[in-house]
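For reference, the structure is listed below as structure tokens.
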Amino acid sequence: MTERYNPSKVEMKWQKFWHESDAFHTGRDKERENFYCLEMFPYPSGRIHMGHVRNYVIGDVTAHYKRMKGFNVLHPMGWDAFGMPAENAAIKNGVHPIKWTIENIDYMKTQLKRVGLSYDWNREVTTCTPEYYKWNQWFFIKMLEKDLAYRKSSFVNWCRSCSTVLANEQVIESKCWRCDNEVVQKELPQWFFRITKYAEDLLQGCDTLKGWPDHVVAMQRNWIGKSRGVEMDFGIAGSERKVRIFTTRPDTLFGATFVCLAPLHPLASELTENKGALQRIKDTYGKEDEKIGHFTGQHAVNPMNGEEIPVYIANFVLMEYGTGAIMSVPAHDQRDFEFAKKYDLPIKQVIIPEKEYNRSSDKHSGGSDLTEAYTGDGVMVNSGEYSGKSNRDGMERIADFIETNALGKVVINYKLRDWGISRQRYWGTPIPVIYCDTCGILSVSEENLPVILPDNVNLTGTGSSPLAELAEFTFTTCHKCGKEARRETDTMDTFVDSSWYFIRYCMEKGDHDLKEELNNASSEIRKWMPVNQYIGGVEHAVLHLLYSRFFTRVLRDIGLVDTDEPFTNLLTQGMVCKETWKCSDHDWLLPEEVEGASCSHCGKEVVKGRIEKMSKSKKNVIDPGHLIEKYGADTARLFILFAAPPDKDLEWSDKGVEGAYRFLNRLWNIVHKLSGDPEFAVINEDTYKNRDHVTSIERKTHQTIRKVTWSMDRDFHFNTAIAALMELLNEITASKPQSRNDYVSLKSSIKSMLLLLFPFAPHISEELWIAVGGKGSILSKEWPRWDEELAKEEEIDLVVQINGKVRAKISIPPDKPDDEIKQIALDNEKVKSLTEGKNIFKVIVVKGRLVNIVVK
RNA sequence: GCCGGAGUGGCGGAAUUGGUAGACGCAAGGGACUUAAAAUCCCUCGAAGCACGUCUUCGUGCCGGUUCGAGUCCGGCCUCCGGCACCA
């Protein structure tokens, strides 16, 4: 009796072998092309979840495939190890963040190894180590020198729950990205990175991101939010004061019926007497959908026509965008329209749709009959000399007029804001700055780096920077004047760490001096960058991916890399989801808490919830550890890859996992059954050459190699690649070898099958490779090639259509000339009877596909 | 509202990028083996119709178009999902 498939035994054996032979050490063969395959590194939260497994398995298949295709592959892994959970765990359990973090890393590393992932651990990066964060500090200093880092006091997003500041990108629907609590505005001095300086570069770079998903590029473009318009001054009537407004619609200038100021605009408090009213508007600023305004009592003068229009303070006008003041054109802007209706302000239409424009009449509706703003294009009316022109044309002419008459200028605005990086927390990179009463703000000198994060800090979670409590850290001497000085006690946003970790992977572990890599044309960094394939969750579409693009540009400008973009190809994998169960009394339920259709606690009816992303709170998680224990890593990998294409959400199915397991079992059984067959066992390298004819299994094998290779090369269609392997196995299982020739092609077929399966299910492939007499590990083997001749069928079924409908099938050799095929089709009995008495108009032959006879 | 993406069997999903729609898997039904069950193996499996076939008709969200031929291309809708959202 043959041995049963025992995944854990097989997997332990090969994982040990790979580990001991340092099998995934990054290749250095100069003859070979380099391929950098990267997955987003995890936060060491404690244990891996199914989302990690999916992410890393997709990367692992890619890495294996590229290795077999003959590339030197860089496939590293590391830890995004600074961050709040470690600090929170410390406050809660009294464990030091470093201990908590290191223990988690150790455990998760074991888990990753159990999945059989082919990482080069010689390049492991851990961001909370001084060897790593030293370079965060060095980059900070370089950015300070280049005026890319600066300090200013401003209103910032403050999360009360996390007791820290958040960057704009980290506020999702006015909630904290991490803890989902409400974010408030607070005024604090902060360090910023001047990402806005790269706004245009980042935007233009979007055009080059051909290997990124459309929606991610679109999100980046939206976030940068470029718009072109004019800035111009409106005078305040009876005063020397002016108010500068920004508009993208100078063509509507003649329709402006009032001006609005943001409540925080400097003129707002100057112009209004009623401070109470102003405060009410401030209070609702950015919070309420309802538009609230207050008339200042002052009027502004429209420079185009000299009209005096009222000046309001309005809660919907943003101080951070444009000039903090707008001209309001209620007829052509929906927000202004709503505001005008509410405060009974005039609505003056100056653009009407082409269709409604009557050239012979001067009578045009004033706008009082509008039910909503008209924001489309059209013909200008009531606009002085511009009346009768198209608004597109008018827009350019008015902009020119404003510039030539020095009323204002054409400007470009971006929604992108500078990146605030100060965090009032402990577990992060100290910002390398000192404050000296004599010398001012100074960066720590390079030779004093790193500024070590002290470990004897008292973590209370009360809100101020923990480092500020520590006198020995805070007080230092100024390296310039020698007097007493204070250190900056905020730490850096952890997104700084992840903005360049992919560059650190280009070198093996060790305390490398990145300064030596500056302008070094043959540096390892230049050799590997940019990343050929990056894989990770879509939740970083603007956060991490935008910061990394920014950092790469900064590092390009200081001479560390020579690429603009860090990631050539990006795959955003879908979520791993599972069905949920809900009881009206007991909320979310585990599957084992559901008995039939009722709750096991109270007997009440259970409602099947939506299919949701796996999460502890919704009680629909599958633990990768348990899964692997039960079925093995190969089954887990295969199922995850087979169940859905990588970029789509994957719905977990226990039955589907069993299907994948059955497939591996069938493969195991057939290989062992055959190896026990003396006729099969005797086949060796020499007998391969002595085949006398091509068998159908051989043809199928070459077709499979072709299909799998295509699937791999075209958009990661791993699911169809696996389907092709299943088809091949079905054929192998069904085959009944009778001659020596049959055995030869069967054995060669199985060997090809194992090579093709290897990236997906590496352990079982290695094991069965040995069982069929393969030499050495599959790791040293090349990806199989197909022979187009051998993939060709002897006879193919050709469809015969009449007027596009399938009417018959004919069996012919694939390379028969078109005119012969045409004749065979026309001679077909069925075709004859159907075309009887009709006029054959045209016959189309599509090679290898069909014949279409067009009759009338 | 704006920007992206997607609609195909009971389900997850295929379709060589304009050429036989439904590969592969799951579920379901039937059968074999077994004292029995599990496991395994074999058959059926989009809908309707009848003459039960190597049959006919319909069928890829809806309406129209291009084409010998459309799930695929074009125009117009509908629905769902994701992102941003008072950005003037």
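Each chain gets a letter, A, B and so on, in the order its sequence line appears, and its residues count up from 1. What you see is a predicted model, and the numbers here were worked out from it, not measured in a lab.
Between the CD1 atom of A:Ile640 and the C1' atom of B:C24 there is a distance of 18 Å, given to the nearest Å. The distance from atom CD1 of A:Ile412 to atom P of B:A88 is 12 Å, rounded to the nearest whole Å. The CZ atom of A:Arg662 sits 11 Å away from the C1' atom of B:A27 (whole-angstrom rounding). Between A:Trp177 atom CH2 and B:C84 atom P there is a gap of 14 Å when expressed in whole angstrom units. Distance CD1 (A:Ile844) to C1' (B:A70): 14 Å, rounded to an integer number of Å. Atom CZ of A:Phe337 is separated from atom C1' of B:G1 by 15 Å (rounded to the nearest Å). For the pair A:Ile224 CD1 and B:C84 C1', the computed distance is 14 Å after rounding to whole Å. A straight line from NE2 of A:His540 to P of B:G83 spans 14 Å, rounded to a whole angstrom.
Looking at heavy-atom distances under 4.0 Å, A:Asn665 makes no contact with the nucleic acid at all. Note on A:Lys415: a base of the nucleic acid sits closer than 4.0 angstrom, heavy atoms only. Using a 4.0 Å heavy-atom distance criterion, A:Val854 is classed as a sugar-phosphate-only contact. Across all strands, A:Gln801 comes closer than 4.0 Å to base atoms (heavy-atom distances). Within 4.0 Å (heavy atoms only), A:Gly659 reaches sugar-phosphate atoms of the nucleic acid but no base atom. Across all strands shown, A:Val843 has no heavy atoms under 4.0 Å from either base or sugar-phosphate atoms. At a threshold of 4.0 angstrom between heavy atoms, the contacts of A:Ser227 are confined to the sugar-phosphate backbone, with no base atom among them. Heavy atoms of A:Lys809 sit under 4.0 angstrom from at least one base atom.
Within the 4.5 Å cutoff, the side chain of A:Asn828 has no heavy atoms near those of the A:Val800 side chain. Taking the side chain as every heavy atom from C-beta outward, A:Pro330 and A:Leu345 never approach each other to under 4.5 Å. Side-chain contact check for A:Phe760 versus A:Phe642: every heavy-atom pair is 4.5 Å or farther apart. Between A:Lys226 and A:Glu200 the shortest side-chain heavy-atom distance falls below 4.5 Å.
Two residues, A:Trp710 and A:Lys805, neighbour RNA chain B, and the one matched to the more 5' nucleotide by heavy-atom proximity is A:Trp710. When the nearest nucleotides of RNA chain B are assigned to A:Met319 and A:Val806 by heavy-atom distance, the more 5′-ward of the two goes with A:Val806.
Nucleotides B:A6 and B:G12, compared at atom C1', are 15 Å apart to the nearest Å. Separating the P atom of B:C77 from that of B:U67 is a span of 24 Å, rounded to the nearest Å. B:A51 and B:U57 have their C1' atoms separated by 15 Å, given to the nearest Å. Here the separation of B:C45 from B:G53, taken at their P atoms, is 13 Å to the nearest Å. The C1' atoms of B:A27 and B:U44 are separated by 14 Å, rounded to the nearest whole Å. The C1' atoms of B:U72 and B:C3 are separated by 25 Å, rounded to the nearest whole Å. With both ends at atom C1', the span from B:C11 to B:A85 equals 36 Å, rounded to whole Å. With C1' as the reference atom, B:G9 and B:G22 are 7 Å apart, rounded to whole Å.
Between A:Asn669 and B:A39 there is no side-chain N or O to OP1 or OP2 distance below 4.0 Å. Contact between the side-chain N/O atoms of A:Arg221 and the OP1/OP2 oxygens of B:C2 is not found at any separation under 4.0 Å.
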Symbol by symbol from the 5' end, with Watson-Crick or G-U pairs under 3.5 Å, [ ] crossing and | another strand, RNA chain B is (((((((..(((......[....))).(((((.......))))).(((((..).))))..(((((..]....))))))))))))....
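Its glycosidic angle being more than 90° from 0, B:G61 falls on the anti side. By the rule that a glycosidic angle within 90° of 0 means syn, B:U57 does not qualify and counts as anti.
Comparing B:A88, B:G25, B:C55 by their closest approach to the side chain of A:Arg666 singles out B:G25. Of the candidate nucleotides B:A88, B:G25, B:A85, B:A88 has the atom nearest to the side chain of A:Phe246. Ranking B:A27, B:A15, B:U20 by closeness to the A:Lys655 side chain, first place goes to B:A27. Side chain of A:Ile326, nearest nucleotide from B:A15, B:A88, B:A23: B:A88. Residue A:His717 has its side chain nearest to B:A15 when only B:A23, B:U20, B:A15 are considered.
Under 3.5 Å, the side chains of A:Asn730 and A:Arg666 contain a donor-acceptor pair of N or O atoms.
Using cut-offs of 30° and 60° for the angle between ring planes, the A:His332 and A:Tyr374 rings count as perpendicular.
Under 4.0 Å is where a charged nitrogen must lie from a carboxylate oxygen, and between A:Glu338 and A:Lys341 no such pair does. With respect to the salt-bridge test (charged N to carboxylate O, under 4.0 angstrom), the residues A:Lys847 and A:Asp818 qualify.
How far NZ of A:Lys809 is from CG of A:Leu850: 12.0 Å, rounded to the nearest 0.5 Å. Rounding to the nearest 0.5 angstrom, the gap separating the CD1 atom in A:Ile281 from the CG atom in A:Leu264 is 11.5 Å.
One donor-acceptor pair, N or O on each side, does fall under 3.5 Å between the base of B:U17 and the side chain of A:Arg714.
Between A:Phe258 and A:Phe339, a ring centre-to-centre spacing shorter than 6.0 Å is recorded.
A cation-pi contact links A:Lys291 to A:Phe316, judged by a cut-off of 6.0 Å to the six-membered ring centre and 45° from its axis.
One N or O on the side chain of A:Arg637 and one on the backbone of A:Pro759 form a donor-acceptor pair closer than 3.5 Å.
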Given protein heavy atoms under 4.0 Å, the one-letter contact record of nucleotides 3-13 of chain B, with B base, S sugar-phosphate only and - none, is simply SSS------BS
